[in-house]
Amino acid sequence: MRGIKIIFWWLWRVWFYVLMTIPILVMLPFLVLSILTESGYPYFFKMARIWAKFILFGMGFYYKIEKEQELDKDKSYMLIANHTSMIDIMLMLVTIPKPFVFVGKKELVKIPLFGFFYKRTCILVDRSSSRSKHSVFEHAQKRINQGLSICIFPEGGVPDDESILLDHFKDGAFRLAIDHQLPIVPMTFGDNKERFSFTFHSGSPGLMRVKVHSFIETEGKVMADKNSLKEQCWKIIHQQLVEFQKKK
C-alpha cells in the first residue's frame with residue numbers, strides 16, 4: 001500500500017507542474033502582450049486568476065472562502081496570510097479579485113516558464129541582501145501609485161519545523177503598510193499544508209478553507225506601532241488556524 005501511495009504522490013506532483021504549464025502555453029501570446037506595459041497588468045492579473053483556478057480544479061481542490069469584510073475596488077491594501085505551500089499563491093489569486101502584486105523570493109524565478117512571468121510581474125526580494133530589501137519599498141511605492149495592492153507572506157518562507165503552526169512574522173509587510181498607510185488584510189489558509197505541502201510524499205485532493213479577517217487600519221500609525229501591528233495580525237491568524245484544526 002505504501003508503494004502505491006508513493007507512486008500516486010509522484011504522478012500527482014508531476015501533474016501539478018503540467019497543470020501550471022498548460023494554461024500558460026494556451027494564453028502565452030496574451031500573457032506576453034499584457035506584460036509589455038505596466039498598464040497591461042490588470043489584464044495579466046485576470047489571466048493569472050484563470051491559471052490559478054485551472055490548477056486548483058485540476059488538482060482536485062475546492063475552496064470555501066469566508067469574508068468578514070469586502071475590499072474596496074478603489075483602495076490599495078496590504079494582503080497577508082500564513083505560508084505553507086506553493087498552492088498559497090493560487091489560493092490567494094482566487095480569494096482576492098482586486099489586482100495585487102506579490103512580493104516573493106527570487107528563487108522562484110528558476111521555475112521554467114512560470115519564472116519568466118514571475119520575474120516580470122512580482123516584486124522580488126533577496127533576503128540575504130539589504131539593498132534588495134530596500135528596493136522592495138521603491139517598487140511597492142510604484143505599484144501602489146498605480147492603484148494596486150501588495151501581497152506578502154510575512155513568515156518570510158515556510159517554517160523548517162513541520163510542528164510549527166505559524167512562524168514569527170518578519171517586519172517587511174508592516175513597514176510597508178505603515179509607510180503607505182495601507183489597511184492590512186489578514187487571511188488564514190486552513191488546509192494548504194495538509195493538501196499540498198513542500199514535503200514531496202504528502203498531500204491529497206480536498207477542501208481548502210480560507211478566512212478573510214476584518215481589516216486593520218494603519219492610518220495615523222507610525223513605525224513605533226510596527227511591532228504591535230505585527231503581533232495583532234499574528235494572533236488573529238494563529239487563533240484561526242487553531243479553530244480550523246478543531247473543525248477538521
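Only heavy atoms go into these numbers, but all of them, side chains included; no hydrogens, no water, no symmetry mates. In this text, all values refer to a predicted model and were calculated from it rather than measured experimentally.
Looking only at atom types and distance, the side chain of Glu155 has no donor-acceptor partner in the side chain of His168 under 3.5 Å away. Using modelled atom types, one finds no donor on one side chain facing an acceptor on the other under 3.5 Å when comparing Ser85 with Arg195. Donor-acceptor pairing under 3.5 Å is recorded for the side chains of His213 and Thr188. At a cut-off of 3.5 Å, with distance as the only test, no side-chain donor of Glu231 or Asn227 sits close to an acceptor on the other residue. Side-chain atoms of Gln181 and Thr218 form no donor-acceptor pair, as typed in the model, at a separation below 3.5 Å.
Summarising the geometry, atom OG1 belonging to Thr21 is positioned 11.5 Å from atom CG belonging to Leu28; distances are rounded to the nearest 0.5 Å. The structure places CZ of Phe16 at 6.5 Å from CE of Met59, a figure rounded to the nearest 0.5 Å. How far CG of Leu229 is from CD1 of Ile184: 5.0 Å, rounded to the nearest 0.5 Å.
Checking side-chain atoms of Tyr77 against main-chain N and O of Asp72 turns up a donor-acceptor pair under 3.5 Å. A donor-acceptor distance shorter than 3.5 angstrom exists from the side chain of Asp191 to the backbone of Arg209, with no hydrogens or angles considered. With hydrogens and angles ignored, the 3.5 Å screen pairs no side-chain donor or acceptor of Lys226 with any backbone N or O of Arg175. Using modelled atom types, one side-chain atom of Trp51 and one backbone atom of Met20 make a donor-acceptor pair closer than 3.5 Å. A donor-acceptor pair is defined here as one N or O able to donate and one able to accept, closer than 3.5 Å; no such pair exists between the side chain of Ser149 and the backbone of Met78. Checked by atom type and distance alone, the side chain of Arg120 never pairs as donor or acceptor with a backbone atom of Ile35 at under 3.5 Å.
Glu243 has no carboxylate O lying under 4.0 Å from a charged side-chain N of Lys211, or vice versa, which leaves the two without a salt bridge.
Residue pairs satisfying the salt bridge (charged side-chain N to carboxylate O under 4.0 Å, His left out) criterion with at least one member in residues 27-54, sequence neighbours excluded, are listed as follows: Glu38-Lys142. Within the structure, salt bridge (charged side-chain N to carboxylate O under 4.0 Å, His left out) contacts touching residues 6-32 (residues at least two apart or in different chains) do not occur. The salt bridge (charged side-chain N to carboxylate O under 4.0 Å, His left out) analysis of residues 212-225, with sequence neighbours excluded, yields no pairs.
Using a 4.5 Å cut-off on side-chain heavy atoms (C-beta onward), Leu93 and Phe45 make contact. Using a 4.5 Å heavy-atom threshold, the side chains of Phe189 and Phe153 count as touching.
There is a path of hydrophobic side-chain contacts, each under 4.5 Å, that joins Leu25 to Leu19.
Minimum interatomic distance between Gly58 and Trp15 (heavy atoms only, all atoms of both residues): O-NE1, 3.1 Å.
Using a 30° and 60° split on the angle between ring planes, Phe169 and Trp234 fall in the perpendicular class, above 60°.
Here Phe100 and Phe102 bring their ring centres to under 6.0 angstrom of each other.
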